[in-house]
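To start, the structure under review is shown below, and the notes come after it.
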Amino acid sequence: MFHTIEKQVADAFHTHIRIRYGIDLSVTVEQPRQSDFGEMAVPAAFQLARQLRQAPRKIAAELVEELGPIAGVAATEVAGNGYINIRLDRGAYGASLLAGDAAAETPAGEKIIVEHTNINPNKAAHIGHLRNATLGDTFVRMLRASGNRVEVQNYIDNTGVQVADVVVGFHYLEHLAPAAVRGLIADPAVRFDYYCWDLYAGTSAWYHDHPEALAWRTQTLHAIEAGEGELAELAHLVADAIVEAHLATMLRLDVEYDVLPRESEILHLEFWAAAFELLKERHAIVFETEGKHAGCWVMPGLSEEGKVIVRSDGTVVYTGKDIAYQLWKFGLLGKDFYYRPLKTYADGRMLWVTTDQPVESGVRFGHGSRVYNVIDSRQSYLQDVVAEGLRGLGYREQADRSIHFSYEMVALSPRCCAELGIPLSEEDRKRPYVEVSGRKGLGVKADDLLDSLIGKALDEVVSRHPEDSAEQNRAVATRIAIGALRYFLLKFTRNTVIAFDLQEALSFEGETGPYLQYAAVRARKILAKFAERGAPLPDFAAELNAAAMARQLQSEDFWQVLLAASKAESALESAVSAGEPSHVARYAFQLAQAFSNFYQKYPVIHEQNRERQVFLLWMTSFFRQQLERTAAILGIPIPEYM
RNA sequence: GGGCACGUAGCUCAGUUGGAUAGAGCGGUCGCCUCCUAAGCGACAGGUCGGCGGUUCAAAUCCGCCCGUGCCUACCA
């Protein structure tokens, strides 16, 4: 609503200025810091001052004088030394909110692909992975909420070094045959992803002390690539079981995917060979005959030496396969995967996984018009190489539409390491934070963190609601834990390094997920309580006309609160264009703050005046709706009670 | 050496792309449960926006130079 008027105001000024002064000015509309300056402010007079060689105040006065009426605007006035402040027609504004917004547009047209999570399937997920998945998933929700068609991909590198290292651990260090590993996977007493977490750290440590053991890794990688023998079988077992574990972990946070493209199919279906031909044909890569990179295929342009894509032994670098995959996402490779269904989510969404067996699945993935790769900022160079690859092939537009949705890492504060009993080197202790490292086994496992959050929430819930069943309380605690964790990971802007702090993550007070949930629960409670007392909820549209709205909204308090609550669309749009989930999180918090304030000040159920009570109830239900919508975009569930 | 981030209250962070008196949360001090749930609300204290210079009606925001921190800069993934 607010957003619509904002646009109307900008348009009105733009048109008037073009006609009156012949200047094509891009008019910005701001929100004044002080509420008594009105709801919007237009600094256009300042921008015009230079070109017109007149005092801003004089221009502003002229604009206000000559500008015709704008729908929804009650008054325009000159303030300060040239600001134009705008006051909205409160009654009309309230009435149009009451009438409800236009029907949501059905997603159509071009498809946006968002790739996120992408965890190496060789060990349990940690908080760093959670930041990726939560950011990606929330961005997907944001895009969908603003009417886009989105496909979610989670890339599985099931043939890489990391999987190979765990296979080395099983085969060479623990001497376990595939049958024994199958037994471990099936054993309910063993958490296979946790087992591999330790094994991976163990193998890495072994390499450190016995560098000659790295030959095992090479051998294993070859076996995996050939797809034969025990080592390859182990790799499949490990990767499939861990992918299963990751999907389960992410599902706990309500993160779902549409398709899992796997590295093994990229190999077997020879995506790279197709991409290699294209790259050679169009001279996006060149063969070096001398110098440092003699014998390699190199992509020029990015740096002076260029980036090696094919090694002198003829094998392709990881980034090369990434270029092939990126081409496939845009439907530019001329090859495709086959698919088989992996599972069906509770909401009916089907998850597919790639296969190299020719089957008719009836689904089509890829062919996106825009691609977001959610990958941490350390990989920006590699992402640049991928985009440069597309550019080199002549796909300039697709290169520009390949967006590295980057974010900073999650690190551990030295204090946090101490709390978790993680030993640190002398050097690390002096750092502001320590990088999470799967290789070193250094980090907080996602499921452990979620479990301790649930445990803590459960203590609180049980102490508040001893009368409710253990099962119900557990469900509530789980939702609170999810809300706390997702909000914690989303409240920071993407380029802020999160120095993970256990205390802060475990907090349920202040700017946290549970604060939002609490506001929504209270709003629901008021409406439920009102109905409980025998009176049905009033028909708001029938009882509140524009005049009644105007009367109630004379109260500055009500007006400010309603304004805040009606800015959801505006907040979403700016968050989408900035690519910042944290903006949505901030808005959700402000919304909850506004409601908490309202809740404290105005006892809805005890209100005596009928019109005022109807109005308060309407405000409550409006808040409830906005809170629930915004929380849903953040992937934060609302508990039944708190 | 080069590239990309960052430096804002005791701590952790926002700051709508250059606008009016720089904001939250935590922590601190003091208040508020006979009334829809105190995971809440109110009040107070807390700032040379790393430093210096520049651009202009206007700079935390843009430019330059310093100081400090982190990441990247592989024929690893």
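Proteins get letters first, then strands, A, B, ... in listed order; numbering begins at 1 in each.
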Is any side-chain nitrogen or oxygen of Asn118(A) closer than 4.0 Å to OP1 or OP2 of A77(B)?
no

Among A77(B), G25(B), A20(B), the one nearest any side-chain atom of Tyr318(A) is A77(B)

Need one value for Thr512(A): base, sugar-phosphate or nothing, where a base atom within 4.0 Å counts as base even if backbone is also close, heavy atoms only.
nothing

What is the ring orientation for Phe615(A) with Phe558(A), classed by angle as parallel under 30°, tilted 30 to 60°, or perpendicular over 60°?
tilted

Between U12(B) and C52(B), how far apart are the two C1' atoms, rounded to whole Å?
29 Å

Counting any heavy atom closer than 4.0 Å, what does Asp157(A) reach on the DNA or RNA strands: base, sugar-phosphate only, or nothing?
sugar-phosphate

Within residues 33-52 of chain A or reaching into it, pairs that qualify as ring-ring contact (aromatic ring centres under 6.0 Å, His included) - sequence neighbours excluded
Phe46(A)-Tyr83(A)

Which whole number of Å gives the distance between the C1' atom of A24(B) and that of C41(B)?
16 Å

Measure from the side-chain heavy atoms of Pro32(A) and tell me the nearest of A20(B), A77(B), U37(B).
A20(B)

Both distances under 3.5 Å, Watson-Crick or G-U wobble: on that basis, could you give the dot-bracket string for RNA chain B, with [ ] for crossing pairs and | for other-strand partners?
(((((((..((((.....[...)))).(((((.......))))).....(((((..]....))))))))))))....

Judged by nearest nucleotide, the residue sitting upstream toward the 5' end of RNA chain B, Ile498(A) or Glu640(A), is Ile498(A)

State whether Arg464(A) places a side-chain N or O below 4.0 Å from either non-bridging phosphate oxygen (OP1 or OP2) of A39(B).
yes

With sequence neighbours left out, what residues match Val298(A) under side chain to side chain contact (heavy atoms under 4.5 Å, CB included)?
Glu288(A), His293(A), Cys296(A), Val308(A)

With rounding to whole Å, what would you report as the distance between G7(B) and C13(B) at their C1' atoms?
13 Å

I want to verify the glycosidic state of C33(B); is it syn or anti under the 90° rule?
syn

Is Asp376(A) touching bases, backbone alone, or none of the nucleic acid, heavy atoms closer than 4.0 Å?
nothing

Leu490(A) CG to C13(B) C1', in whole Å, measures 15 Å

Can you find a side chain N or O atom of Asn495(A) that sits less than 4.0 Å from OP1 or OP2 on A5(B)?
no

For the base of G40(B) and the side-chain ring of Tyr518(A), does the geometry meet a stacking cutoff of under 5.5 Å between centres and under 30° between planes?
no

Would you indicate what Asn85(A) reaches in the nucleic acid, counting non-hydrogen atoms under 4.0 angstrom: base, sugar-phosphate, or nothing?
base

Figure out the CD/C1' separation between Gln593(A) and G25(B), and round it to whole Å.
9 Å

Selected nucleotide, minimal atom distance to Phe508(A) side chain, candidates C41(B), C13(B), A39(B)
A39(B)

Nearest 0.5 Å, what's the OG-CD1 distance between Ser380(A) and Ile375(A)?
10.5 Å

Check the pair Tyr515(A) / Ser596(A) against side-chain hydrogen bond (donor to acceptor under 3.5 Å, both in side chains), numbers first and verdict last.
CA-CA 9 Å; Tyr515(A) 180 89; Ser596(A) 297; 3.3 Å; yes

Tell me, please, whether Tyr325(A) has Lys321(A) positioned over its six-membered ring: NZ or CZ under 6.0 Å from the ring centre and within 45 degrees of its axis?
no

To the nearest 0.5 angstrom, please state how far the CG atom of Leu214(A) sits from the CH2 atom of Trp206(A).
12.5 Å

Among the nucleotides U12(B), U37(B), A20(B), which one has an atom lying closest to any side-chain atom of Phe492(A)?
U12(B)

Respond yes when some side-chain nitrogen or oxygen of Tyr641(A) is under 4.0 Å from OP1 or OP2 of A39(B), and no when none is.
no

Quote, to the nearest angstrom, the C1' distance that separates G25(B) from U34(B).
32 Å

Taking only nitrogen or oxygen atoms into account, show me every contact under 3.5 Å that the protein makes with nucleotides 27-36 of chain B, one pair per line with its distance.
{"from": "C35(B)", "atom 1": "O2'", "to": "His606(A)", "atom 2": "NE2", "distance (Å)": "2.7"}
{"from": "C36(B)", "atom 1": "O2", "to": "Val604(A)", "atom 2": "N", "distance (Å)": "3.4"}
{"from": "C36(B)", "atom 1": "O2", "to": "Ile605(A)", "atom 2": "N", "distance (Å)": "3.3"}
{"from": "C36(B)", "atom 1": "N3", "to": "Val604(A)", "atom 2": "N", "distance (Å)": "3.2"}
{"from": "C36(B)", "atom 1": "N4", "to": "Tyr599(A)", "atom 2": "O", "distance (Å)": "2.1"}
{"from": "C36(B)", "atom 1": "N4", "to": "Tyr602(A)", "atom 2": "O", "distance (Å)": "3.0"}

Can you tell me, in whole Å, how much space there is between the P of C4(B) and that of G64(B)?
11 Å

With nearest nucleotides of RNA chain B determined for Ile84(A) and His465(A) from heavy-atom distances, which residue corresponds to the more 5′ nucleotide?
Ile84(A)

Is it true that a side-chain atom of Gln517(A) and a backbone atom of Pro637(A) form a donor plus acceptor pair closer than 3.5 Å?
yes

Do any N or O atoms of the protein come closer than 3.5 Å to N or O atoms of nucleotides 69-74 of chain B, and which pairs are they?
{"from": "G70(B)", "atom 1": "O2'", "to": "Tyr433(A)", "atom 2": "OH", "distance (Å)": "3.4"}

Identify whether any heavy atom of Val461(A) sits under 4.0 Å from a base atom; if not, whether one sits that close to sugar-phosphate; answer base, sugar-phosphate or nothing.
base

Anti or syn - U17(B), cut at 90° from 0:
syn

Can you find a side chain N or O atom of Gln503(A) that sits less than 4.0 Å from OP1 or OP2 on U12(B)?
no

Which part of the nucleic acid, if any, lies within reach of Ala294(A) when heavy atoms closer than 4.0 Å are counted: base, sugar-phosphate only, or nothing?
base

Quick check on side-chain contact (heavy atoms from CB on, under 4.5 Å): which of Asp322(A), Thr319(A), Val317(A) does Val385(A) satisfy it with?
Thr319(A)

Tell me whether the side-chain N/O atoms of Thr496(A) come closer than 4.0 Å to OP1 or OP2 in A14(B).
yes

When the C1' atoms of G18(B) and C63(B) are considered, how many whole Å apart are they?
13 Å

Parallel, tilted or perpendicular, as decided by the 30° and 60° cut-offs, for the rings of Tyr599(A) and Phe595(A):
tilted

Run the numbers on Asp557(A) and Tyr602(A) for side-chain hydrogen bond (donor to acceptor under 3.5 Å, both in side chains), then give the verdict.
CA-CA 11 Å; Asp557(A) 241 23; Tyr602(A) 305 101; 2.5 Å; yes

For the residue pair Trp618(A) and Phe622(A), categorise the inter-ring angle as parallel (less than 30°), tilted (30 to 60°) or perpendicular (more than 60°).
parallel

Give me the atom names and distance for the closest heavy-atom approach of Glu640(A) to Val521(A).
O-CG1, 4.5 Å

Salt bridge between Arg586(A) and Glu511(A), side-chain N to carboxylate O under 4.0 Å?
yes

Does the ring of Phe508(A) carry Lys456(A) above it, NZ/CZ under 6.0 angstrom from centre and within 45° of its axis?
yes

Is there a donor N/O on one and an acceptor N/O on the other, under 3.5 Å, for the side chain of Asn122(A) and the base of A77(B)?
no

Please report the distance separating the P of U69(B) from the corresponding atom of C26(B), rounded so that it comes out in whole Å.
32 Å

With sugar-phosphate taken as primed atoms, P, OP1 and OP2 and all else as base, the protein-contact string of nucleotides 56-61 of chain B at under 4.0 Å (heavy atoms; B, S, -) is SB----

Using a 4.0 Å heavy-atom cut-off, does Leu527(A) contact any base of the nucleic acid, only the sugar-phosphate backbone, or nothing at all?
nothing

Taking Asn85(A) for the side chain and Ala41(A) for the main chain, is one N or O donor matched with an acceptor at less than 3.5 Å?
no

Take atom P in A77(B) and the same atom in A60(B), then report the distance between them in whole Å.
47 Å

Within the side chain of Ser507(A), is there an N or O that forms a donor-acceptor pair under 3.5 Å with the backbone of Glu509(A)?
yes

